[in-house]
Chemist: 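After the structure tokens below, expect a handful of questions from me.
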Amino acid sequence: MTLTETTRERAGTLFRQHGALVVLGVLVVAGTLAFDTFLTPANLTNIATASSFLAIIAIGMTFVIISGGIDLSVGSLFVLGGVLAAYGSQYGTLAALALPLAVCGLFGLVQGVIIARTGMAPFIVTLAGLLAARGLMLSLTGEGATTYLVEDETFAAIGQGSPAGIGYPVFVTVAVLAVAAVFLQRTGFGQNVYAIGGNEDAAALMGVPVSRTKIIVYLVSGLLAGLSGALNAARLSSGVTILGIGLELDVIAAVVIGGTLLTGGAGGLTGTIAGALLLGVIQNLINQAGGLTSAFQQVVSGAFLAAVVIVHRFLSRRAAP
Amino acid sequence: MRAALVLAAAAVVLTGCAKAEAPTATANPADAQAQQQVVKSPSAPAGGGCTIAQHGSPKFDLKSAVVGFSQSEKEANPFRIAETKSIKDEAAKLGIANLKVTNAQSQFSKQISDVQQLIAQGAQLLVIAPLNSDGWEPVLQQAAAKKVPIITIDRKINARHCADYVTFIGSDFTEQGRRAADQMIEALGGKGKVAILLGAPGNNVTTERTNGFKEQIAAKAPDIEITFEQTGEFTREKGQQVTEQLIQSNPDIDGIYAENDEMALGAVTALKGAGKKPGDVKIVSIDGTRGAVQGIVDGWIYAVIESNPRFGQLAFATAQKFLDGEPIPEKVIIEDREYDSANAKDSLGQAY
């Protein structure tokens, strides 16, 4: 950002940062006016709880994308985390949480090390991670035929309890968001993430620990995907094996709609949360409308994603030198 | 370059929407009655059924009630098209004005939030075609809190009868597997190598169709060897892909048991591609879609065991019985027909 920022650039930045939030607001108002079953506590808490699993993963993905990378393994780590949590629950609450975090964290760590140390493209490394994690999940469950049930009551309560009508997953999301926001905006680590996403070579020359930062970013992404999977298993009381296919694309969509640039170097977490909620609200509104088939949800989400990218492009295009 | 990636991602999201197959018109209105599901067992509700008093649901008039129907898979295969149509048609026939239909597009997380939303929208009766048998806890809790009766169709939910759901209406999938095995034994003369195209993992349909088939083969035709098993996930393209691999790795295969018609039709395409002639490999499948019955007429498929998707009439009749205070059994098992070369041509009109 320079001092000679043009109006258009400023408008671009504003749109990028708050566009999703504005559209979310517009949709909520429209939904309230159009359907009397939209703005009810039950419906809103359903949207919030259902969106929280996507949001937790999207928080990790925001770090990855700001650093200029991509993590395609999160959908597989989500389902693997769920299966491991359900499997681990027979050994108690701690095992149910520790097992998915350890394994998914390890996946993230290994991917990060490979990306940082060999310079291989994150797209390919995490695509390999996607396949490996799903393969591991299938081998644990007899090709998906075995569904482990959550045996531990305390663990199940983490997913199912809802103090004041709001599910624990929502509280977990808020807590993760708060911690992540502090790290991203208030620490040297956060600055490093932005720096290597903006210009990796320049960042390296300035003494930013590029490798270490990248490794941490993929580790965090893996951990959060595992956490989200574990929470979801607690909510469903079982390690459902058919989840998470294509979830990474929804997560990337939420992050990009939220204003984080896929080219890295710019973006933020509030936009990501707005993006995740936006996908949930679009789905809810299309169900409310009833007559539309749910294929429309994908059309609308896809069209919205395309619109966001086009507007970004248009508003942030610099004057020709 | 990354911009291209976004576009690629957007394209994936966009093309994700189902390319719905146009439902074929019913050939003969006189067949309409014959196509409806018939209850096989139990003919009279056995003791220990679930009554509305035990369940705790308030009584309501079905016509003016809000009824939610949650479909599991994309309506890209004939079974799902026929199933949803049957529910909608029957609701229209009974004058149920407020039927809300959702489709989870094969995403389980979406199905959970779909049904939760139906409950939040005030659904008084839920008809669910579950994508997966486990993982329904959040829905069951909310439904129990509001005393909303749940009827599951075509697949089961692993939960407690009456406390969690009123009844399951569907076929006896183990029996379908056994009948498919009988057809296979007949086709091969009791001897040969057979491959199984398994359905999607994680639900009772696949497990039971597999178990029934294997039990019957083991009991009646020990000379038939099952040499290959691989999931085709109930889809045509996966069925084709797996069969292509099968022909490469086991060229001497004599029969293929496909756990649904879509996979069987994929297998037919793969066999054609490999230069096989109709009847070289005996295919037996389950469902009774028009494409598969046509496959029997054309000589590619040996036999099809029906799995009737027309749940509408039986589902709402069961709901009405429940509201009238009759005890409802845990399972309502429907009767399925079978198609082979003897009746396929004449029965095309009854296939869906």
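Treat the numbers as computed from the prediction; the structure is a model and nothing was measured. Both backbone and side-chain heavy atoms feed into the values below; hydrogens, waters and symmetry mates do not. In what follows, chains are A, B, ... by sequence order, proteins preceding strands, each numbered from 1.
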Chemist: Which answer fits B/Gln71, side chain, backbone, both or neither, if we ask what part of it has an atom under 4.5 Å from a heavy atom of chain A?
Modeler: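 No part of it gets close to chain A.
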Chemist: About how many Å separate CG of B/Asn158 and OG of A/Ser238, when rounded to the nearest 0.5 Å?
Modeler: 8.5 Å
Chemist: Where is the tightest heavy-atom contact between A/Gln283 and B/Ser113, given as atom of each residue plus distance?
Modeler: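 Scanning both residues, the minimum pair turns out to be NE2-OG, 3.1 Å.
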Chemist: Between OG1 of B/Thr102 and CG of A/Asn287, what distance do you get to the nearest 0.5 Å?
Modeler: 5.5 Å
Chemist: Using heavy-atom distances under 4.5 Å, tell me whether B/Gln116 contacts chain A through its side chain, its backbone, both, or neither.
Modeler: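 Both the backbone and the side chain of B/Gln116 come within 4.5 Å of chain A.
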Chemist: Report, in residue-number order, which members of residues 148-156 of chain A are under 4.5 Å from chain B by heavy-atom distance.
Modeler: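 The stretch touches chain B at A/Leu149.
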Chemist: Hey, is CG on A/Asp36 packed in by over 12 heavy atoms from elsewhere, all under 6.0 Å?
Modeler: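 For A/Asp36, atom CG is not crowded (no more than 12 foreign heavy atoms under 6.0 Å).
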Chemist: To the nearest 0.5 angstrom, please state how far the OG atom of A/Ser237 sits from the CD atom of B/Gln141.
Modeler: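 Going from the OG atom of A/Ser237 to the CD atom of B/Gln141 covers 7.5 Å.
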Chemist: What are the two closest non-hydrogen atoms of A/Ala42 and B/Ala120, and how far apart are they?
Modeler: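 Shortest heavy-atom contact: CB-CB, 4.1 Å.
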Chemist: How many angstroms lie between atom CD1 of B/Ile112 and atom OG1 of A/Thr49, to the nearest 0.5 angstrom?
Modeler: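 Rounded to the nearest 0.5 Å, the CD1-OG1 separation comes out at 12.5 Å.
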Chemist: Once rounded to the nearest 0.5 Å, what's the spacing between atom CD1 of B/Ile119 and atom CG of A/Asn43?
Modeler: 11.5 Å
Chemist: If you look only at pairs with a residue in residues 101-129 of chain B, which of them pass as a ring pair (Phe, Tyr, Trp, His ring centres under 6.0 Å), with sequence neighbours excluded?
Modeler: B/Phe108-B/Trp136
Chemist: Do B/Gln117 and A/Asn46 have side-chain N/O donor and acceptor atoms under 3.5 Å apart?
Modeler: no
Chemist: Under 4.5 Å from any heavy atom of chain A, what part of B/Leu131 do you find: side chain, backbone, both or neither?
Modeler: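 Its backbone and side chain both get close to chain A.
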Chemist: Hey, what do you get for CG (B/Leu118) to CD (A/Gln288), rounding to the nearest 0.5 Å?
Modeler: 9.5 Å
Chemist: Please classify the contact of B/Ser109 with chain A as side chain, backbone, both or neither, using a heavy-atom distance under 4.5 Å.
Modeler: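 Answer is both: backbone and side chain atoms of B/Ser109 are under 4.5 Å from chain A.
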Chemist: Enumerate the ring pair (Phe, Tyr, Trp, His ring centres under 6.0 Å) contacts for residues 234-265 of chain A, please, sequence neighbours excluded, ordered by first and then second residue.
Modeler: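 Applying ring pair (Phe, Tyr, Trp, His ring centres under 6.0 Å) to every pair that reaches into residues 234-265 of chain A, excluding sequence neighbours, yields nothing.
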Chemist: Any non-hydrogen side-chain atom of A/Leu236 less than 4.5 Å from a side-chain atom of B/Glu137?
Modeler: no
Chemist: Looking at A/Ile245, A/Thr147, A/Thr146, A/Thr45, which one has more heavy-atom pairs under 4.5 Å with chain B than the rest?
Modeler: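 Winner by heavy-atom pair count: A/Thr147.
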Chemist: Above 12 or not: heavy atoms from other molecules or residues under 6.0 Å from NZ of B/Lys88?
Modeler: no
Chemist: Just to verify, what does A/Ser76 make a side-chain contact (heavy atoms from CB on, under 4.5 Å) with, not counting sequence neighbours?
Modeler: A/Leu130, A/Ala133, A/Arg134
Chemist: Within a reach of under 6.0 Å around CZ of A/Phe38, are more than 12 heavy atoms found that belong to other residues, nucleotides or ligands?
Modeler: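 Yes, enclosed.
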Chemist: Under 3.5 Å, side chain of A/Thr37 to main-chain N/O of B/Gln121, donor-acceptor pair present?
Modeler: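 The answer is no, because no donor-acceptor pair under 3.5 Å joins these two groups.
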